[in-house]
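In what follows, chains carry the letters A, B, and so on, assigned in the order in which the sequence lines appear, proteins first and then strands, with residues in each chain numbered from 1. Values below: all heavy atoms of this structure, side chains included; hydrogens, waters and symmetry mates excluded.
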Number of protein chains: 2
Amino acid sequence: MDARAIRQSLEDSGLRCTAQRYAVMAFLVEHAGHPTAAEIFAAVNRVDPRSSRATTYNNLRDLVRAGLVREVAVEGRAARFDARGIRHHHFVCDRCGNVEDLEWYDVPRPASHSLGKRVLRECELIFRGLCSNCARRRAPRKAS
Amino acid sequence: MDARAIRQSLEDSGLRCTAQRYAVMAFLVEHAGHPTAAEIFAAVNRVDPRSSRATTYNNLRDLVRAGLVREVAVEGRAARFDARGIRHHHFVCDRCGNVEDLEWYDVPRPASHSLGKRVLRECELIFRGLCSNCARRRAPRKAS
DNA sequence: ATATTAGATTAGACGTATTCTAAACTCCGG
DNA sequence: CCGGAGTTTAGAATACGTCTAATCTAATAT
């Protein structure tokens, strides 16, 4: 996804392509490691020190609402974000909290009698366990 | 799950059966509506005003570690808890944040080449959309 | 029964992640 | 150029959860 495509996807979602919003989206497209809001803010702010924390949060919220970005809540830790590129599932490490991508495969939907009158938007499959780093030995509290 | 069974499951997990811990576990067994820690504390404290907030959090952490209770992280909201009774999946409402149970069915595991050296502990299937309450009309911010 | 002690509890301070506020700015159409 | 919707900003405020250090208690050993 190049600069033009990012700009286009923002406009398609009815969002103005401001410098700050573009920076957040571009960072997510380039960094698939599921950064936290704080990490995104730090990176964006390093390049353009005018940008603020609140704006980073605002833009992440807007991008998630627009469906361009996915938010992953992790128990007891800051949320992680990633640009919705290739479809994939998520693996969350019990120990260090890092989120990693796993190959995508189809998920069976629930039976409609089970769903009732609920309106289903998406099925999310999350795997939990130890990432390869933490599995090796009880190593880092926060992997690189 | 009756009083005796609760006491037993705590002891089996190497946890002392204190009044406060028992109360937390018993509340979760009786209230399958995925309460937040704050709701659990309020309920437990109403019955026995000696119990404290810190203890409720401590006990929830212990119960989750022991595998007796499941914690569900919800983006931007307080975590929800439920006693692991009958296996089930979870439906999270985009709008009010409530968590509901859906009938359980088998989830296909990822291919081992995709998993790599990670150690898989569990597969969690989460559905997202609107609960029947919120689907009806853009009604409550927080359902009963 | 009683003593022992690891484990549990407490109130309230603290910390971190996130949202709110209100003023200022920017972009664009009229 | 004017107006207004959408954005940005710094910092205050809030929500949620954790920590501390003193005190207490359940389960075991005596």
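- Side-chain atoms of B:Arg50 lie closest to C:dT10 of the nucleotides C:dT10, D:dA27, D:dC16.
- Of the two residues contacting DNA chain C, namely B:Gly76 and B:Asp48, the nearest-nucleotide position lying further toward the 5' end is that of B:Asp48.
- Between B:Asn59 atom CG and D:dA26 atom C1' there is a gap of 14 Å when expressed in whole angstrom units.
- Rounded to whole angstrom, the span from the CZ atom of A:Arg61 across to the C1' atom of C:dT19 amounts to 8 Å.
- As judged by a 4.0 angstrom heavy-atom cut-off over every strand, B:Ala38 is placed among residues making no nucleic acid contact.
- To the nearest angstrom, P of D:dT7 lies 18 Å from OH of A:Tyr22.
- Between A:Tyr57 and C:dT18 there is a side-chain polar atom (N or O) within less than 4.0 angstrom of OP1 or OP2.
- Nearest-nucleotide assignment on DNA chain C puts the 5′-proximal partner with B:Asp62, out of A:Glu71 and B:Asp62.
- A:Arg7 CZ: 12 or fewer foreign heavy atoms inside a 6.0 Å radius.
- Of the candidates C:dA17, D:dG17, D:dA27, the closest approach to any side-chain atom of B:Ala37 belongs to D:dG17.
- Note on B:Ser51: only backbone sugar-phosphate atoms sit closer than 4.0 angstrom, heavy atoms only; bases stay farther off.
- Here the C1' atom of nucleotide D:dT18 and the CD atom of A:Glu75 are 16 Å apart, to the nearest Å.
- Two residues, B:Ala19 and B:Ala79, neighbour DNA chain D, and the one matched to the more 5' nucleotide by heavy-atom proximity is B:Ala79.
- Looking at A:Phe81 and A:Ile40, their side chains come closer than 4.5 Å, going by heavy atoms from C-beta outward.
- Applying the 4.0 Å criterion to OP1 and OP2 of D:dT25, one finds that B:Gln20 has every side-chain N and O outside that range.
- Taking side-chain N and O atoms only, B:Thr18 has a distance below 4.0 Å to OP1 or OP2 of C:dT9.
- Ring pair B:His90/B:His88 is perpendicular by interplanar angle, where above 60° counts as perpendicular and below 30° as parallel.
- In summary, the side chains of B:His34 and B:Asp101 do present a donor paired with an acceptor at a separation below 3.5 Å, with no hydrogens or angles considered.
- Of the candidate nucleotides D:dC19, D:dA27, D:dT8, D:dA27 has the atom nearest to the side chain of B:Arg16.
- In this structure, A:Asn58 does not reach the D:dG6 phosphate: none of its side-chain N or O atoms is under 4.0 Å from OP1 or OP2.
- Atom-to-atom, CD1 of B:Ile40 to P of D:dG17 comes out at 10 Å; the value is rounded to the nearest Å.
- In this entry the distance linking CZ of B:Phe41 with C1' of D:dC16 reads 14 Å, nearest Å.
- Residue A:Thr55 places no side-chain N or O under 4.0 Å from the OP1 or OP2 atom of D:dT7.
- Across the protein-nucleic acid pair, B:Asn45 atom CG and C:dT10 atom P stand 9 Å apart, rounded to whole Å.
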Stepwise side-chain hydrogen bond (donor to acceptor under 3.5 Å, both in side chains) check, B:Glu103 with A:His113: CA-CA 9 Å; B:Glu103 234 173 54; A:His113 75 268; 2.9 Å; yes
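- A sub-4.0 Å separation between OP1 or OP2 of C:dA8 and a side-chain N or O of B:Arg21 is present.
- D:dG11 atom C1' lies 8 Å from atom CZ of A:Arg53, rounded to whole Å.
- For the side chain to side chain contact (heavy atoms under 4.5 Å, CB included) criterion with A:Arg21, the lone passing option out of A:Thr55, A:Asn59, A:Val44 is A:Asn59.
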